Structure formats: structure tokens, C-alpha cells
Amino acid sequence: MSASAAPSFPDPGLPDGELAVALARGAGEVLRGLRAEVDADGGTFVAGELKDAGDAASQSWLSAALVHARPGDAVLSEEAADSAARLSADRVWIIDPLDGTREFAERAPGDAAGWRDDFAVHVALWERGVPRPDGLAAGAVGLPARGAVLSTASPAGPDARATDDVAAVLAGRRPLRVAASRSRPPQFVQDLAARGDVELVPMGSAGVKVVSVVDGSVDAYVHAGGQYEWDSAAPVAVALAAGLECTRLDGTALEYNRQDPWLPDLFVCHPAVAAHLRAALTEVGVDIKEGAQS
């Protein structure tokens with residue numbers, strides 16, 4: 001993507017939540033621009049090269065935008081070398097410039113001209129002193145191909161799903177909808193689906209899965225294979241602001257900006273069905289007291 005086409009950097013005067021939105025939106029413009037270049041050049045591309053270009057271009061823009069807007073803050077990013085300096089910093093931006101690289105570089109099924117839309121940009125701010133163990137002060141999840149950004153600046157608010165809809169799950173009148181990897185669903189998720197009262201909804205990107213719980217497309221997202229902090233920080237910030245339950249599998253609090261950014265597991269769920277889902281996980285052999293299972 002040419003430098004002249006790059007989005008302008010956000011105003012440094014924006015509050016942190018609005019800055020997170022502007023950063024996610026700007027990186028999304030960069031990514032959409034790369035796809036537009038492919039289309040303008042005839043539509044032929046090499047998936048691996050497009051993935052790498054997306055990671056690099058989004059990282060480059062976000063890094064420069066953060067230097068412009070918050071030069072004194074530390075950054076933890078999937079696409080940049082880690083620095084121990086962040087551990088003593090009071091403010092750390094945790095970013096994933098392109099969550100769902102596989103989906104970013106794929107055409108939509110059955111549509112030779114279209115692209116998949118289930119990839120995301122994650123931008124979160126961890127701040128020392130936030131009165132929660134996770135320390136997340138702001139966050140935004142950009143869905144560039146859908147033209148949307150979900151954020152803590154404009155929380156989704158109380159879940160809009162009707163009480164009787166949730167009651168239907170608890171009474172067994174409709175299945176519990178769980179977001180799952182479309183290509184690599186783990187065995188415990190397949191075991192859940194085999195029960196008959198759980199429906200798997202396949203999709204890409206951890207961010208897309210979490211915001212699908214926020215918007216009511218699914219009831220829960222459970223990941224037990226391990227992720228890095230940048231995979232979940234922004235989606236968790238958005239989900240917490242929307243009133244969802246976001247914890248480790250065993251119910252303990254998530255923590256961010258740790259020395260080792262690896263998180264063993266993640267549980268995001270509509271609070272009214274959380275106990276129901278944990279019981280189902282136990283019944284299929286997931287030892288939630290021990291954390292990650294495969």
C-alpha cells in the first residue's frame with residue numbers, strides 16, 4: 001500500500017477509548033487497501049504473501065500512530081519484538097495488527113470476487129492501577145470487512161437477548177450456541193456438540209468469536225489451547241464493558257501485561273448461561289480446575 005494512501009494518524013487529544021477506536025479503524029483501512037490493490041491488479045494473489053503484507057502493513061501503521069499519539073506508552077504487539085520495559089510501564093498498548101490472517105487472505109466461499117469478513121484488528125490499553133486484575137482500561141475490536149468497530153468507548157450495554165431466549169437454553173428448548181474454529185475445532189468442542197444440546201458456530205479470528213458473543217450471534221466462546229495476550233485483550237475489554245463473563249476456564253480472573261504473555265485458556269459467556277456451560281464442559285471431561293485442556 002502506498003504511503004500516500006495511508007490513513008492519517010489519530011489526534012493525540014483523543015481520550016484513550018476513542019483513540020483505540022481510531023487506531024483500529026485506521027489499521028482496518030490499511031488492510032482493506034491491500035485487498036483493494038489485489039482486486040485492482042486482476043484479483044490474483046498468493047495467500048502467504050498477502051498474509052505477511054497484512055501483518056506488516058498494519059503493524060507499521062499502528063506503531064507509527066501510537067508513537068504520534070502516545071509517545072510515552074509501551075507497546076506489546078504480536079508483530080514486534082517484546083521489551084521487558086513494558087513490565088515497569090504504567091501504560092501498555094496490547095495490539096494484534098491482524099487477527100485472523102488466514103481469513104484475511106481468503107475469498108468468501110462460493111464468491112470468487114468477494115473476501116472473507118471474519119478477521120479483526122485488536123487494540124487494547126492496559127493501565128497500572130485499574131481496579132480489576134485484568135488491568136484493561138480501554139479496548140477496540142475493528143472488523144474492517146464489516147465496516148464496524150466495537151469498543152469500550154461505546155459499550156454494547158446490557159445484552160439484548162430476551163429473557164425467554166436464555167431460559168430456552170437452560171430448559172433445553174434450544175441449543176447453546178458456541179463459537180468454534182471453522183478449521184481446527186478442538187476435541188472438547190466436538191465432544192460438546194455431540195451432546196446434542198450444543199450447536200457449534202464456525203468462524204475465524206478470536207476477536208470475531210468474542211464479539212459474536214457480544215452481539216448475540218452466539219452464547220459463548222471457550223478456548224482451551226492457549227493464546228497470547230494480544231489475541232484476547234481487546235476483545236475481552238469490549239466484552240467486559242458489555243457485561244459478559246470473561247475469565248479463565250476455572251473462573252479465575254484474566255491478567256494482562258505479565259512477563260510471559262501466554263494465556264492458557266479463555267471463557268467468554270453470557271452470564272445467565274455460564275454455569276450451564278461449565279457443567280457441560282465438566283461432563284465432557286474438561287477439568288476446568290486445571291485450566292487448559294485439548
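Owing to the predicted nature of the structure, the values given are computational and were not obtained by experimental measurement. Numbering starts at 1 and runs along the sequence shown. Worth knowing before you read on, the calculation uses all heavy atoms, side chains too, and leaves out hydrogens, waters and symmetry mates.
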Just say parallel, tilted or perpendicular for the rings of Trp262 and Tyr228, cut-offs at 30° and 60°.
-> perpendicular
Can you name the nearest heavy-atom pair linking Leu34 to Ala53, along with the distance?
-> CD1-O, 3.6 Å
Is the closest side-chain heavy-atom distance between Val166 and His270 below 4.5 Å?
-> yes
Residues forming a side-chain hydrogen bond (donor to acceptor under 3.5 Å, both in side chains) with Arg146, sequence neighbours excluded | Asp117
Residues two or more places apart in sequence or in another chain: which of them pass side-chain hydrogen bond (donor to acceptor under 3.5 Å, both in side chains) with Arg116?
-> Asp118
Not counting sequence neighbours, which residues clear side-chain hydrogen bond (donor to acceptor under 3.5 Å, both in side chains) with Tyr221? List them please.
-> His223, Gln227
Going only through I, L, V, M, F, W and Y residues with side-chain contacts under 4.5 Å, is there a path from Val46 to Val38?
-> no
Exercise: identify the closest heavy-atom pair between Ala27 and Val121 = CB-CG1, 3.8 Å
CD on Glu229 to CG on Asp96, rounded to 0.5 Å = 12.5 Å
Could you go through residues 78-88 and list every donor-acceptor pair under 3.5 Å that involves a side-chain atom there, pairing it with any protein atom two or more places apart or in another chain?
unit_1	atom_1	unit_2	atom_2	d
Asp82	OD1	Arg86	NE	2.7
Asp82	OD2	Arg86	NE	3.4
Asp82	OD2	Arg86	NH2	3.0
Ser83	OG	Ala85	N	3.2
Arg86	NH1	Asn257	OD1	2.8
Arg86	NH1	Arg258	O	2.9
Arg86	NH2	Arg258	O	3.0
Arg86	NH2	Gln259	O	3.4
Ser88	OG	Ala85	O	3.2

How would you list all residue pairs meeting side-chain hydrogen bond (donor to acceptor under 3.5 Å, both in side chains) that involve residues 193-205, not counting sequence neighbours?
-> Asp99-Ser205, Arg195-Asp197, Arg195-Glu283
Straight-line distance of Leu23 CG to Leu62 CG, nearest 0.5 Å | 6.0 Å
Decide yes or no for Val169 and Pro175: does some side-chain heavy atom of the first lie under 4.5 Å from some side-chain heavy atom of the second?
-> no
For Ala224 against Asp265, the heavy-atom pair lying closest together = CA-CB, 4.0 Å
For Leu277 and Leu176, run side-chain contact (heavy atoms from CB on, under 4.5 Å): C-alpha distance rounded to whole Å, both residues' side-chain angles, the deciding distance at 0.1 Å, then the answer.
-> CA-CA 8 Å; Leu277 176 55; Leu176 181 76; 3.5 Å; yes
Side-chain contact, heavy-atom cut-off 4.5 Å: Leu76 with Trp230?
-> yes
Do you know the tightest heavy-atom contact between Arg70 and Pro12?
-> NH1-O, 2.8 Å
Can you name the ring-ring contact (aromatic ring centres under 6.0 Å, His included) partners of Trp126, sequence neighbours left out?
-> none
Shortest non-hydrogen separation from Arg32 to Pro144 and the atoms involved | NH1-O, 3.2 Å
Please examine the side chains of Asp73 and Leu66, heavy atoms only from C-beta on, and report whether any two atoms are closer than 4.5 Å.
-> no
For residues 44-65, which residue pairs qualify under side-chain hydrogen bond (donor to acceptor under 3.5 Å, both in side chains), counting only residues two or more places apart or in two chains?
-> Gln59-Ser77
Test side-chain contact (heavy atoms from CB on, under 4.5 Å) on Leu266 and Val268 and set out the steps.
-> CA-CA 7 Å; Leu266 177 65; Val268 179; 3.9 Å; yes
Under 4.5 Å between any side-chain heavy atoms of Lys209 and Val201, yes or no?
-> no
Is it true that Arg102 and Glu106 have a side-chain N and a carboxylate O under 4.0 angstrom from each other?
-> yes
Got a list of side-chain donor-acceptor pairs under 3.5 Å for residues 129-142, not counting sequence neighbours?
unit_1	atom_1	unit_2	atom_2	d
Arg132	NE	Asp134	OD1	3.4
Arg132	NE	Asp134	OD2	2.9
Arg132	NH2	Asp134	OD1	2.9
Arg132	NH2	Leu136	O	3.0
Asp134	OD1	Leu136	N	2.8

Backbone N/O of Phe267 and side chain of Arg248: donor-acceptor pair under 3.5 Å = no
Give me the other members of the hydrophobic cluster that Val21 sits in, counting Ile, Leu, Val, Met, Phe, Trp and Tyr linked by side-chain heavy atoms under 4.5 Å, directly or via other members.
-> Val149
Between Arg174 and Asp165, is there a salt bridge with N-O shorter than 4.0 Å?
-> yes
Side-chain touch Cys269/Leu244, heavy atoms, less than 4.5 angstrom = no
Given the rule in the side-chain contact (heavy atoms from CB on, under 4.5 Å) test, do Leu143 and Val211 qualify, once you have shown the distances and angles that lead to the verdict?
-> CA-CA 10 Å; Leu143 305 173; Val211 299; 4.2 Å; yes
What pairs of residues pass the ring-ring contact (aromatic ring centres under 6.0 Å, His included) test when at least one of them lies in residues 80-110, not counting sequence neighbours?
-> Phe104-Phe119
Drop me the distance from Leu19's CG to Phe9's CZ, to the nearest 0.5 angstrom.
-> 12.0 Å
Rounded to the nearest 0.5 Å, what's the gap from CG on Asp16 to OG1 on Thr152? Could you check?
-> 9.0 Å
Got a sec, which pairs hit side-chain hydrogen bond (donor to acceptor under 3.5 Å, both in side chains) with one end in residues 231-240, sequence neighbours left out?
-> Ser232-Tyr256
Mind listing the closest non-hydrogen atom pair of Arg35 and Ala145 along with its distance?
-> NH1-CB, 3.9 Å
Are the side chain of Arg128 and the backbone of Ala89 linked by a donor-acceptor contact shorter than 3.5 Å?
-> yes
Quick one: are Leu281 and Leu192 in side-chain contact, heavy atoms under 4.5 Å?
-> yes
With Trp115, which residues qualify under side-chain hydrogen bond (donor to acceptor under 3.5 Å, both in side chains), at least two apart?
-> Asp39
Taking the side chain as every heavy atom from C-beta outward, state whether Leu125 and Val92 have any atom pair closer than 4.5 Å.
-> no
Please walk me through it: do Asp219 and Val213 pass side-chain contact (heavy atoms from CB on, under 4.5 Å)?
-> CA-CA 5 Å; Asp219 302 299; Val213 188; over 6 Å; no
